[in-house]
Amino acid sequence: MSTYRPTWVEIDLGAIRHNVEVLIKLVGPAAVMAIVKADAYGHGAVPVASAALEAGASALGVALVEEGVHLRDAGIDAPILVLSEPSPDAAAEVVARGLTPVVYSEAGIDALAQAVTDAGQAPLGVHLKVDTGMHRVGAAAQDVATLAQRVERHGELLLEGVCTHFAVADEPEHGYTEQQLERFATARRSLADVGVNPVMVHAANSAAAIGFPASRFDMVRTGIAIYGVTPGPGIGADLGLRPALALRSRVSHVKRLHRGDAVSYGLRYELGRDATIATVPIGYADGVPRNLGAAGAEALLHGRRFPIAGTVTMDQLLIDVGDEPVAVGDVVTFLGQDGSGSVTAEEWAEHLGTIGYEIVCGIGPRVPREYRS
Ligand SMILES: *Cc1c(COP(=O)(O)O)cnc(C)c1O
């Protein structure tokens, strides 16, 4: 279908490849798994996965079985780790598609083994997840050896990896990541004590991969860094990671208003002087938060910054361009570079009290993605 609304996301696959290469150099000899869950954090799972693999990523990580199936449907045959244990009713699909599940429950392990038997397939590799303190998913450290033995008793399964996940790797001074690393070491010793030595040990997300070299083990699971968004304030700022995503639209309507006029729902933005107000066809249904303007955010026009004026509506918003000459069709950049100016997801996040992750993941499916190599 043709698109008539001039609003789009640009994804720079060259930036994805560059970022993966930077991470591979940084963490080697550890391998890099590119995390492409949530449609590659809004960047598009298939093109990003392909670019990451081209750049040397060894594997992909997804949150959902459905996301793994989507990659397989696109012809991607690299290892794909499903980061949480699939529900038993997904076991047959996991086996059929050759996904690598994380496991941490008896029921989950047994369901996968049964699915392999049913399919009459070769043994399926699984990774055992240890909860070392994030307390989201994973087996308690004291249950890990028993679960590993359960996996090993099932000839249909192969214990390929052991992993954990950090809660505060983005706060290097916190001290808790070191505690989690100690608990992880204890859990791995309990495996070794029963003769289980998985080949792949992995723990680090982007923040840990950058900030905690001791957490890199055999592989890191990097998501946000491959998109060129920092995992936390200042983390990896010296690595030269490049933001891969730009969000742009074009001015659809222009008017001159007068001092004292107020604009948009709630009339919350009142002009202190005469000004030109440009309308841009993008709104909160596209992932531009309703209060972004009120929170102080700006957009780029002609390489210069101008405030987002008043409430962002569902499909449109307003820019106060002051006395700047502006015409219908002029490009407005919400995220990314325009001339020497740039706006980052981290900048929006700071205005809104969130993190860059939520910004890029929030850009809705209504906005078409365009890919540049
Ligand atoms: C999302 C996720 C990652 C990647 O985290 P980033 O901070 O984006 O690098 C790694 N591991 C697990 C288990 C995850 O859920």
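Whatever order the structure lists ligands and atoms in, that order sets their numbers, starting from 1. Quick note: numbers below take in every heavy atom, side chains included, and nothing from hydrogens, waters or symmetry partners. Along the sequence shown, residues are numbered consecutively beginning with 1.
Partners of Asp338 according to the salt bridge (charged side-chain N to carboxylate O under 4.0 Å, His left out) rule, which considers only residues two or more places apart in sequence or in another chain, do not exist here. Residues satisfying the salt bridge (charged side-chain N to carboxylate O under 4.0 Å, His left out) test with Glu106, not counting sequence neighbours, are Arg150.
Considering Ile277, Asp320, Leu318, Thr276 as possible partners of Leu257, the one that fulfils the side-chain contact (heavy atoms from CB on, under 4.5 Å) test is Ile277.
In this structure, Phe166 has its ring center at least 6.0 angstrom away from the ring center of Tyr176.
Note on residues 256-284: no pairs pass ring-ring contact (aromatic ring centres under 6.0 Å, His included), not counting sequence neighbours.
Between Arg17 and Glu54 a salt bridge is recorded (basic side-chain N to carboxylate O distance below 4.0 Å).
Using a 4.0 Å heavy-atom criterion, the residues that approach ligand 1 are Ile35, Lys37, Tyr41, Leu83, Lys129, Arg136, His165, Asn205, Ser206, Arg221, Thr222, Gly223, Ile224, Tyr357.
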